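Just follow the structure's listing: the first ligand is 1, and inside any ligand the first atom is 1. All of these numbers come straight from a predicted model, not from anything done at the bench.
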Amino acid sequence: MDTKAFPTPALSALEKFPVVFNDQISYAGPLGAAWAPGRVNIIGEHTDYNDGFVLPAAVDRVAAFAGRMRADQTVRLWSQYFEEAAQFSLAGLPETFDAQRADLPGWARYILGVVSELTRDGIPLHGFDAVVGGDVPLGSGMSSSASLEVATAQTCSFFSNGTFSIGNTDATLTPMQVAAVCQRAEHVASGLRSGILDQAASCLGRPGKAVLLDCRSYEYRYIPFDTPGISLMVIDTNVRRELASSGYNERRQQCEEATKLLHDMITPDDPDAAAQVKALRDISPTQFAHYKDRLPEILRKRAGYIIAENERVFQAVAALEKGDIEAVGPILWRGHAGLRDEYQVSCLELDILVDIAHSVDGVLGARMLGGGFGGCTINLVRNEAIEPLRLAVERYYPERSGRQAIIDICRAAGGPGQAVV
Ligand code: GLA
């Protein structure tokens with residue numbers, strides 16, 4: 001076996017496969033693995049569901065499936081992380097989704113969700129047996145669920161005998177169509193009204209690149225993000241909040257309300273301009289400055305953050321395209337301040353980590369990552385500041401938060417992959 005063809009979690013799942021599935025059934029295909037990455041988001045947080053812009057990068061942490069295609073419609077799974085089995089059938093999907101979902105553990109619901117949404121789109125699928133593994137930290141803001149969803153789609157394509165392909169030309173689904181299927185699966189599996197950011201970032205990953213995505217048109221382009229001398233440190237607060245999804249859905253609703261009010265305020269002055277206002281993405285900073293004082297305070301804060309954050313995405317893109325990654329740092333600090341003070345999705349532990357990062361020379365910028373209310377921070381750090389930041393976090397974070405942080409260094413990496421043994 002060419003072990004270099006597989007990311008580490010895929011290798012470990014491959015090793016486990018014959019141990020778990022040892023009932024000697026006759027398979028319809030060879031042993032192989034498929035995987036998809038988690039992501040960081042450099043800037044553009046909570047802009048996705050406002051039809052705005054995001055700048056994520058897939059990272060070298062993946063969800064992976066290792067297994068073999070079956071001749072029937074059964075899917076049998078074993079989670080390495082939860083050490084737990086799950087099983088469902090492709091028969092009758094998507095109609096049988098609700099009934100089958102009820103019997104599954106949480107992690108398997110994401111997988112069933114993707115499979116069910118693929119069948120809704122008329123994609124022909126085969127059953128398979130697989131061990132599911134991965135090294136995207138769960139629930140930390142690095143999109144473990146999106147990586148699992150996209151890896152599921154990749155696995156279905158891998159185990160389809162060529163009837164379902166993913167790619168840009170002549171394929172059954174483009175990468176962004178896969179992202180949209182996986183986003184729907186996330187909605188049904190978790191109840192989070194999430195945007196397209198996480199799934200798109202996983203589908204579109206490229207080594208050394210970030211991707212600028214327009215979350216309305218789904219157009220995207222790659223932005224250089226190979227950064228010699230600079231590292232991407234991800235620091236996990238170790239805080240997981242059950243209520244995060246209600247806070248998230250509430251923000252989304254507030255953005256919709258702010259859009260409607262701004263639309264109605266602009267209408268008497270300029271009905272044509274108002275007709276263009278479908279989401280906060282359509283409000284320019286100048287328009288916002290003109291009307292903002294007439295918004296209730298909460299909505300003014302929420303909308304103000306989103307409109308400024310879209311601008312920050314373009315500032316970061318301009319800096320990276322000039323090769324000036326140092327200039328991205330201050331954009332991250334400002335992004336965090338907006339998430340903390342205006343969008344109010346940070347938490348004490350995230351603020352402490354950002355504060356510690358701020359006190360270390362050579363940290364260019366840091367901010368909370370993803371939906372918020374817990375999870376990690378992303379830190380752009382000169383290599384010589386990696387150790388000082390690590391020491392500062394180890395020394396001050398437990399003292400100030402009563403918790404231990406988990407520190408990791410990631411790289412912008414490729415998208416989904418697959419290989420036979
Ligand atoms: C979560 C959601 C994404 C996005 C981010 C915030 O990760 O899944 O769609 O909204 O939060 O940017």
Side-chain angles (χ1 to χ4, degrees), residues 36-59 61 63 110 113-114 136-150 176 178-204 210-216 218 220 234 236-237 239-241 243-256 279-281 302 305-310 312-313 316 331-332 335-336 338-340 342-347 350 367-378:
R39 61 105 188 90
V40 292
N41 190 19
I42 297 160
I43 196 78
E45 217 67 271
H46 289 272
T47 45
D48 58 351
Y49 54 81
N50 287 295
D51 279 2
F53 299 89
V54 291
L55 186 64
V59 290
R61 302 282 177 277
Y110 292 95
V114 173
V136 186
L138 296 196
S140 74
M142 288 177 79
S143 296
S144 51
S145 59
S147 66
L148 182 61
E149 290 148 12
V150 177
M176 281 308 292
V178 172
V181 164
C182 292
Q183 180 195 18
R184 273 163 29 208
E186 172 84 38
H187 290 183
V188 292
S190 74
L192 188 78
R193 290 181 65 212
S194 54
I196 195 76
L197 164 68
D198 309 343
Q199 292 79 9
S202 180
C203 287
L204 299 175
V211 54
L212 169 65
L213 173 71
D214 178 336
C215 298
R216 171 174 281 163
Y218 286 2
Y220 57 90
V234 176
D236 190 342
T237 55
V239 175
R240 306 282 182 270
R241 293 238 155 77
L243 287 175
S245 72
S246 61
Y248 183 95
N249 290 342
E250 181 193 60
R251 294 302 178 284
R252 191 167 174 154
Q253 202 191 333
Q254 289 168 336
C255 289
E256 286 161 8
L280 287 178
R281 178 252 181 82
R302 305 296 189 248
Y305 162 77
I306 295 293
I307 290 163
E309 183 77 348
N310 273 321
R312 282 189 281 271
V313 172
I331 302 172
L332 300 195
H336 185 77
L339 287 158
R340 182 191 59 210
E342 293 184 285
Y343 216 60
Q344 297 177 300
V345 290
S346 187
C347 64
L350 286 165
R367 64 173 194 80
M368 55 150 275
L369 175 65
F373 307 104
C376 347
T377 62
I378 172 183

Is the closest side-chain heavy-atom distance between Arg281 and Asp214 below 4.5 Å?
yes

Donor-acceptor side-chain pairing of Arg251 and Gln344 below 3.5 angstrom
no

Any Ile43 side-chain heavy atom under 4.5 Å of Arg367 side chain
yes

Go ahead and list the nitrogen or oxygen contacts between ligand 1 and the protein that come in under 3.5 Å, distances to 0.1 Å, or just say none.
from, atom 1, to, atom 2, distance (Å)
ligand 1, 7 (O), Arg39, NH2, 3.2
ligand 1, 7 (O), Asp198, OD1, 3.2
ligand 1, 7 (O), Asp198, OD2, 2.9
ligand 1, 8 (O), Asp198, OD2, 2.6
ligand 1, 9 (O), Asp48, OD2, 2.5
ligand 1, 9 (O), Gly195, N, 2.9
ligand 1, 9 (O), Gly195, O, 3.4
ligand 1, 9 (O), Tyr248, OH, 3.3
ligand 1, 10 (O), Asp48, OD1, 2.8
ligand 1, 10 (O), Asp48, OD2, 3.3
ligand 1, 10 (O), Tyr248, OH, 2.6
ligand 1, 11 (O), Gly371, N, 3.2
ligand 1, 12 (O), Glu45, OE1, 2.7
ligand 1, 12 (O), His46, N, 2.6

Can you confirm whether Val136 sits close enough to Arg39 that some side-chain heavy atom of one is under 4.5 Å from a side-chain heavy atom of the other?
no

Name all residues meeting the ring-ring contact (aromatic ring centres under 6.0 Å, His included) criterion together with His46; count only those two or more places apart in sequence or in a different chain, and write none if there are none.
Tyr49, Tyr248, Tyr343

Any heavy-atom pair between the side chains of Cys215 and Leu213 that's under 4.5 Å?
yes

